[in-house]
Each structure stands twice: as C-alpha cells, then as structure tokens.
Number of protein chains: 2
Amino acid sequence: MEDQLALARQNFIQNMSRISHFWGFPKAMGAIYGAIYLSPQPVSLDELVEQVGVTKGAVSTNVRTLERLGMVHKHLEVGDRKDYYTAETDFWKVIRGVLREREQQEFDLALRAVAESLELARTPEALAADADTAVFYQQRMTNIQDFFNSLDNLVAMLIALDNLRSGTLSRLFGNSS
Amino acid sequence: MEDQLALARQNFIQNMSRISHFWGFPKAMGAIYGAIYLSPQPVSLDELVEQVGVTKGAVSTNVRTLERLGMVHKHLEVGDRKDYYTAETDFWKVIRGVLREREQQEFDLALRAVAESLELARTPEALAADADTAVFYQQRMTNIQDFFNSLDNLVAMLIALDNLRSGTLSRLFGNSS
DNA sequence: TAATACGTTTAGTTTGAACTAAACGTATTA
DNA sequence: TAATACGTTTAGTTCAAACTAAACGTATTA
C-alpha cells in the first residue's frame, strides 16, 4: 500500500468513524464499515482487526450490528470457515435500514409512554384535583401525541419506499434541480 | 400538586428525558424541555432546578442549548431579574431547528472530509502506485460524495420549508390519509 | 458600600457505553 | 484424539460526556 492511497484510506475511515459517532453509533462501527466499503474484495473478520486496529471481539459485535442494519452483507465461501463481508453501497437503502432498526422501535416506545401519561391526566381524580392543570396537560400531551403519530407515519412511509432516491423528495417538492 | 397529575407529569418528563438521550442530547435537556412544555406559565431557572432535580449549572447550560435550537424561548419581565422560559409547541419547527443547528454543520464537515480523501486518491502518485485500487477508491468516494450532496440539499430544503406540517410529505407522496 | 439575587463558568466527579484481553464453544484438520 | 482456526461471549478497564458543587461576575437593592 502506497503512501497517498493509505492516507486517503486512513482519512476516509476516520471520517466514517466520526460520522458514526455523531449519529449515536460506536466509532469503531463506522471505521469498520469504512474499511469494508473501501475494499475491492470481500473482507474477513481478521483482516478487519488488522486494518481497523480494534480487537476481534469489537469487530465481531460491530459487524453484526452493521449486518442487522443492512449496511454490510455476509458471504460464506465453500471450503472456508471464514466469514467475508461486503458493503452495501446504496446509501438510501442504508438510511431505510437504520430507520427501520432504530427509529421504529423508539417511536413506538415514545408513543406508548405519551399515551400512558395522557391516561393519567384524563382520570377523574386528576380533573377533580386541579381541573385547569389537568386540561392543560391533556392539551399539551395530545399535541405531542399527534406529532409523534405523524412522524411515525412519515417514517413508516419512507421505509416502505423501496425506490427512494436522491431526487425523489426534491422532485416532489418541485425544486429547481 | 395531586397524585395523578404529578404522576402524569413525572412520567412525561421521564419519557422526554429518554427521547433526548436517544437522539444524542443530554437526558437533563429533555427533562428540562418536558418541564417547560408542561408549564402553563413561563418558568424560571430556579423553578426548573426544583422541578427537574438537577443543579443550577446544568439547567443553565441545557436551557441555553434548548434556546439555540429554538425549542424554548426566553422572556424577560420588567422589574424582574429572572429569566423565564416557555416551550416552542410547533414540533415541526423544532425539527427544523435541530436540523439547522446540528446536521447542517456536520454535513459540511463530512463533505469536506470526503473531498479531502478523494483529492488524495486522485493524485498522480496514487494512480502510479496502484492504479486499480486508486480507481476503485475514486469510484467509491465519488459515490458517497454524491450521496452526501443529495442529503445536504434535501436537509437544506427541509430547513427552508417554513410551512412544513405533518401532512406535507404524505400529501406529496400521495398516501391515503 | 455592603448585601442580595441572579445567571454563568470552572474544577472535579460520576457514569455508562465501548473497548480490550482472554476464555470459550464448535467445527475442521492432522 | 489432539491441535488448530474460526466467531462469540464475558469480565474487567478505559474514556469522554454530563453532571455537581462552588466560585464567580454583575446588576440591583438596602
């Protein structure tokens, strides 16, 4: 590996690492994805250990997460016990994978929790104790519940779109590009 | 404060705390927003200390972040040195605020870093050293650069939309609602 | 001028997520 | 059967972010 290419690679992987961290994922996960993404051939777990510079355990767990998100794909070769990984290069598909895996469950959780708070604010006891506050709480909680529902629907829609492309939204919004 | 209402409030604030943490913000920040959101009157810093149960310093820094994101608004009353806060209740506006503050700068950073990696992979030295790898790197890096550009444009568009509502996207996508 | 009432900043501490090192389970080969 | 080559799991450690406690700056009041 020559200097400039090694530097380009190193730079790129570091950037992926930072982005990963920014989005709330482990830094090593981004670095591992970057290494796989920049590999012309499928990469084995041990090669990743060497290239990224983390231990086997860390690679094992992170690469499993990456696979769950649909960011990498596992390949088994006959007469070879190693697992090989390739990168998903369609990033819109990656986004949908992340939304499906992370956001969906979190949205459901948020919705259920708000519903529970709202239940409490709607009890006769709450109204009897402090009617003004109870009504106010109900209004505010209903407001955020509506928002969460809308967001939930929106995300579900985005996930369902299997032809989401860079131009999809901009075309719909009628921008100039 | 009666039992049911206090419970509803506590439940709600805890949920906001969890959501905040999930999106990569401090838990206290979400809790503080929740407390302000559920207050019929503007809330002072010391009231927040009492209600949320964190120290003044933490409230001070978190409430400043909330204001920067456009999630709360500061109100000064004449003949009163205290700062009072109210919650932004238009969550689509909140989303745009978060996108503007967080994502925009991070996107620019990501774009610049990829451009830098790409520069390195495009040097004559890189091509001379290992042409196949250099070309491959260039392809992959260009691919992700295009994606980042699209995403950047998309987010810029969302931020610019000052009439973004729950129905906006669903109407555009032509779903049944 | 001193005392008070604010919000802010800072040094130090806490905490939890992500890592390492190493044991482990299992399949394959000698 | 023993040795090897894998990926996985686990106990322990590290580290950065978020917090606390307290000092601080400043404006207001007595």
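Lettering follows sequence order; numbering is per chain, from 1. What's counted below: heavy atoms across the whole structure, side chains too, no hydrogens, waters or symmetry copies.
Mapping A:G24 and B:S44 onto DNA chain C by nearest heavy atom places B:S44 at the nucleotide closer to the 5' end. Of the two residues near DNA chain D, A:D83 and B:G57, the one whose nearest nucleotide lies more 5' is A:D83. Between B:D80 and A:A28, the residue whose closest nucleotide on DNA chain C is further toward the 5' end is B:D80.
In this structure, A:R81 atom CZ and C:dG25 atom P are separated by 17 Å, rounded to whole Å. What separates CD of A:E77 from P of C:dT28 is a distance of 16 Å, to the nearest Å. Spacing between atom NZ of B:K82 and atom P of D:dT29 amounts to 14 Å, rounded to whole angstrom units. Across the protein-nucleic acid pair, B:R68 atom CZ and C:dT8 atom P stand 13 Å apart, rounded to whole Å. Summarising the geometry, the separation between OH on B:Y85 and P on C:dC6 is reported as 14 Å, rounded to the nearest angstrom. One can place CG of A:D46 at 13 Å from C1' of D:dT8, the figure rounded to the nearest angstrom. D:dC19 atom C1' lies 13 Å from atom NE2 of B:H21, rounded to whole Å. Rounded to whole angstrom, the span from the NZ atom of A:K27 across to the C1' atom of D:dT14 amounts to 12 Å.
A:N143 and A:R140 share no donor-acceptor pair across their side chains, judged by distance under 3.5 Å alone. When only modelled atom types and interatomic distance are considered, B:R9 and A:Y137 share a side-chain donor-acceptor pair under 3.5 Å.
A:V59 comes within 4.0 angstrom of no nucleic acid atom, judged by non-hydrogen atoms across all strands.
Note that CG of B:L118 is 4.5 Å distant from OG1 of B:T142, once rounded to the nearest 0.5 Å. Interatomic distance, CZ of B:F25 versus CG of B:L66, reported as 9.0 Å (0.5 Å rounding).
In this model, the phosphate group of C:dC19 is not approached by any side-chain N or O of A:T55 to a distance below 4.0 Å at OP1 or OP2. One finds a side-chain N or O of A:R64 lying less than 4.0 angstrom from the OP1 or OP2 phosphate oxygen of D:dT9.
For the pair B:D83 and B:L45, the minimum side-chain heavy-atom distance is 4.5 Å or more.
With distances taken from any side-chain atom of A:S60 to the nucleotides D:dT20, C:dT8, D:dT8, the minimum falls on D:dT8. Comparing D:dT8, C:dC19, D:dA18 by their nearest atom to the side chain of A:P26 picks out C:dC19.
As the counterpart of C:dT26, D:dA5 is assigned, both hydrogen-bonding distances of the Watson-Crick or G-U wobble pattern falling under 3.5 Å. Base pairing of D:dA16 is made with C:dT15, judged by Watson-Crick or G-U wobble geometry with both donor-acceptor distances under 3.5 Å. The pairing partner recorded for D:dT10 is C:dA21, the criterion being a Watson-Crick or G-U wobble arrangement whose two distances lie under 3.5 angstrom.
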